[in-house]
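Residue numbers run from 1 in the order of the sequence given. What you are looking at is a predicted structure, and each value in this text was computed from that prediction instead of being measured.
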Amino acid sequence: MGALAQPFPASFEVSGVAANDVLNVRSEPSTRADVVGELGPFTLHIEVLGLSEDKKWGKIGMPEGNGWVSMAYLNPTEQDDPFAVPRPLSCLGTEPFWSVSLYPRGAEYNSPDTGAVPMTVTQEAVADQGYLISLEEGPTLNRTLIITREACSDGMSDRAFGFSTRMFTEAPDGNSALQGCCTLDHR
């Protein structure tokens, strides 16, 4: 039960589901609710946004909305370093569309204008309620993300996100500031 005392959103993995079965994602926190998706028996990096009142169900984000999964079949994902920014982590925004993804061995920025561009993490810091990440795309282009634990909407779908972000870009052709949402979920 100690794992449920952690702050949300948090990363989990499917546990206790047979290799030939699935974990149902439901529209509401009840076995009587409609099935709106499924998770395979070895699915990793499931972002649980919060718990139902009885703490038996976890709310997860899905491509165009949200769903509920039984916490009896989820275990917290072990993070190598609890004082580091979790990976994988993706932040995204709309109008204009952009994303920054952090992986165990790298990072990239992506937009319709640039495509996927590799970045180097130059600094990261962890606080109780968020993260600071500084990234470099080259000698003259830098991006800084400030990520906080708070509800966020991408404005395009009904999906809930558990992290909000602000991204400041320093570039030779002008600086910019954008906002978006982040997720630990990489299915």
Under the 4.5 Å side-chain heavy-atom rule for ILVMFWY, direct or indirect, which residues accompany Phe97? Met156
Looking at side-chain heavy atoms only, is the closest gap between Leu51 and Lys59 below 4.5 Å? no
Shortest non-hydrogen contact between Val69 and Asn24, atoms and distance: CG1-O, 3.8 Å
Linked, directly or transitively: Leu102 and Leu178 (ILVMFWY side chains, under 4.5 Å): yes
For Phe12 and Leu74, the nearest pair of non-hydrogen atoms, with its separation, is CD2-CB, 3.9 Å
Glu108 (side chain) donor-acceptor with Pro118 (main chain) under 3.5 angstrom: no
Ile147 and Ile133, any side-chain heavy atoms less than 4.5 Å apart: yes
Atom CG in Leu92, atom CG in Asp154: separation rounded to 0.5 Å? 6.5 Å
Regarding Thr148 and Glu150, do their side chains bring together a donor and an acceptor under 3.5 Å, going by distance alone? yes
Would you say Ser153's side chain and Gly155's backbone share a donor-acceptor pair under 3.5 angstrom? yes
Thr165 (side chain) donor-acceptor with Ile146 (main chain) under 3.5 angstrom: yes
Distance only, no hydrogens: is a donor on one side chain within 3.5 Å (strictly under) of an acceptor on the other, for Thr183 and Ser90? no
Please list, chain by chain and in numerical order, all residues satisfying side-chain contact (heavy atoms from CB on, under 4.5 Å) with Tyr109, sequence neighbours excluded. Trp98, Val100, Ser111, Thr114, Met119, Glu137, Arg143, Met167
Answer yes or no: is there a donor N or O on one side and an acceptor on the other, between the side chain of Thr122 and the main chain of Ser134, under 3.5 Å? yes
Mind listing the closest non-hydrogen atom pair of Val25 and Met62 along with its distance? CG1-SD, 3.5 Å
If hydrophobic clusters are built from ILVMFWY residues whose side chains come within less than 4.5 Å, do Val36 and Ile60 share one? yes
Where is the tightest heavy-atom contact between Val126 and Ala84, given as atom of each residue plus distance? CG2-C, 3.5 Å
Measure from the side-chain N and O atoms of Asp54 to the backbone N and O of Lys56, and report whether any donor-acceptor pair falls under 3.5 Å. yes
Would you call Thr169 and Asn142 a side-chain contact if the rule is heavy atoms closer than 4.5 Å? no
Shared ILVMFWY cluster between Leu39 and Tyr73, side chains joined below 4.5 angstrom? yes
Distance-only, no hydrogens or angles: does the Ser52 side chain make a donor-acceptor pair with backbone N or O of Trp57 under 3.5 Å? yes
Can you name the residues that form a salt bridge (Lys or Arg N to Asp or Glu O under 4.0 Å) with Arg87, not counting sequence neighbours? Glu124
Any donor-acceptor N/O pair, Arg149 side chain to Pro9 backbone, under 3.5 Å: yes
Shortest non-hydrogen separation from Leu49 to Ala160 and the atoms involved: CD1-O, 3.4 Å
Is Arg159 close enough and on-axis enough to Phe161, meaning under 6.0 Å and within 45°, for cation-pi? yes
Where Asn66 and Asp158 come nearest, the two heavy atoms and their spacing: ND2-O, 3.1 Å
Please tell me whether Cys152 and Cys181 are bridged, where bridged means their SG atoms are separated by under 2.5 Å. yes
